[in-house]
Amino acid sequence: MQLATWNVNSLKMRLQHVLDWLAANPVDFLCLQETKLTDDKFPKDEIEAAGYGVIFTGQPTYNGVALLYRKEAGYVPDGVQLNNPLYEDVQRRLVSARFQTAAGPVRVIGAYFPNGQAVGSEKYVYKLGWIASLQEWIAQLRREEPDTGVILAGDFNIAPADADVHDPAVWADGILVSGPEREALQGLLALGLHDAFRLFEQPPKLFSWWDYRALGFRRNAGLRIDLILVSDELKPMVGRCWIDKGPRKLEKPSDHTPVVVEWGAAAT
DNA sequence: ATGGCCGCTTGCAGCGGA
């Protein structure tokens, strides 16, 4: 099985990229962030025609998330949750559902973490509070659904370590890398979640986002801020996790590119 | 050294993103 996450920076602008990518990469699940579409404008028909069911929640202009699941594989979502039940929020940043899979029940949570804008700002305080509440909710889920694995995938807007930053000196203590943000991520990992990408040896300087400005992509001046966390019971089944730079090379790309995880039978 | 793009809007300049 495969699951991917992709911040598309407007699904209206990127729908064809998503459909083309799914045709070439028929993943079981796809989490999208920054759809930037109200629910009445969501391209449900086009996505269903491509063989995927979809759960989505949006708002005007900003944010918006979607969770796609491959119909041919027979997935039926239950326990659907839009946003965090423990956190009142007009911003639409979370979409979740549980699925029965060949590797047992799994709850997928697609997340668009707040950016935070600048360390110490009002938006930064919101970011840290939002993550703390997400941690509380996932802790609650682990108690309520103890036999269900968890995959938390999305745009975390946090580079976990300096190895995930093209130039740590430039970014030092800034937004996306600051101590409190990284500690908040550690709080999530402490629930028994694991950064799937770092379960494996990886070449250096692999990123999932590159600034549109300053030839960021050509210079590989990027960050790894799009993550897939898998829970303890899924960890032994993860066989591969990779970043697909292909879509970032297209005309009018998103500034993020897909991250994919593959799991299945227990690794031997 | 600085900042350089992109998408969105009760829109044509300003905000947010990262």
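Each chain gets a letter, A, B and so on, in the order its sequence line appears, and its residues count up from 1.
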With sequence neighbours excluded, what pairs up with A:Asp173 under the side chain to side chain donor-acceptor pair (under 3.5 Å) test?
none
Supply the members, apart from A:Phe207, of the Ile/Leu/Val/Met/Phe/Trp/Tyr cluster built from side-chain contacts under 4.5 Å; use none for a lone residue.
A:Trp210, A:Phe217
Under a 4.0 Å heavy-atom cutoff, the residues of residues 157-167 of chain A touching DNA chain B are A:Asn157
What side-chain hydrogen bond (donor to acceptor under 3.5 Å, both in side chains) pairs are there with at least one residue in residues 175-189 of chain A, not counting sequence neighbours?
A:Tyr124-A:Ser178, A:Lys127-A:Glu181, A:Asp162-A:Arg182, A:Ser178-A:Glu181
Give the other cluster members for A:Tyr62, using side-chain heavy-atom distances under 4.5 Å between Ile, Leu, Val, Met, Phe, Trp and Tyr residues; answer none if it is isolated.
none
With a 4.0 Å heavy-atom cut-off, tell me which residues in residues 209-224 of chain A come close to DNA chain B, sorted by residue number.
A:Trp209, A:Tyr212, A:Arg213, A:Ala214, A:Leu223
Taking distance alone, no hydrogens or angles, what donor-acceptor pairs closer than 3.5 Å link side-chain atoms of residues 46-54 of chain A to residues at least two apart or in another chain?
unit_1: A:Glu48; atom_1: OE2; unit_2: A:Lys44; atom_2: NZ; d: 3.2
unit_1: A:Tyr52; atom_1: OH; unit_2: A:Val27; atom_2: N; d: 3.3
unit_1: A:Tyr52; atom_1: OH; unit_2: A:Val27; atom_2: O; d: 2.6

Give A:Asn7 one of three labels, base, sugar-phosphate or nothing, depending on what nucleic acid heavy atoms sit under 4.0 Å from its own.
sugar-phosphate
If the P atom of B:dG4 is compared with that of B:dT10, how far apart are they to the nearest Å?
24 Å
Looking for any heavy atom pair under 4.0 Å, which part of the strands does A:Tyr112 touch: base, sugar-phosphate only, or nothing?
sugar-phosphate
Contacts satisfying side-chain hydrogen bond (donor to acceptor under 3.5 Å, both in side chains) that involve residues 238-254 of chain A (not counting sequence neighbours) are A:Trp21-A:Asp244
B:dA18 and B:dC6: how far apart are their C1' atoms, nearest whole angstrom?
12 Å
Review item, side-chain donor-acceptor pairs of residues 226-239 of chain A, under 3.5 Å, at least two apart:
unit_1: A:Asp226; atom_1: OD1; unit_2: A:His256; atom_2: ND1; d: 3.2
unit_1: A:Asp226; atom_1: OD2; unit_2: A:Ser208; atom_2: OG; d: 2.6
unit_1: A:Asp226; atom_1: OD2; unit_2: A:His256; atom_2: ND1; d: 2.8
unit_1: A:Ser231; atom_1: OG; unit_2: A:Val150; atom_2: N; d: 2.9
unit_1: A:Ser231; atom_1: OG; unit_2: A:Val150; atom_2: O; d: 3.4
unit_1: A:Ser231; atom_1: OG; unit_2: A:Glu233; atom_2: OE1; d: 2.9
unit_1: A:Asp232; atom_1: OD1; unit_2: A:His194; atom_2: NE2; d: 2.6
unit_1: A:Glu233; atom_1: OE1; unit_2: A:Arg142; atom_2: NH2; d: 2.7
unit_1: A:Glu233; atom_1: OE2; unit_2: A:Arg142; atom_2: NH1; d: 3.3
unit_1: A:Glu233; atom_1: OE2; unit_2: A:Arg142; atom_2: NH2; d: 3.2

Going 5' to 3' on DNA chain B, which nucleotide is the first and which the last to come under 4.0 Å of a heavy atom in chain A?
B:dG4 to B:dA18
Which heavy atom in A:Thr35 sits nearest to a heavy atom in A:Val65, and how many Å separate them?
OG1-N, 3.7 Å
Which residues satisfy the side chain to side chain donor-acceptor pair (under 3.5 Å) test with A:Ser121, sequence neighbours excluded?
none
Tell me which residues in residues 171-184 of chain A put a heavy atom below 4.0 Å from DNA chain B, sorted by number, or none.
A:Leu176
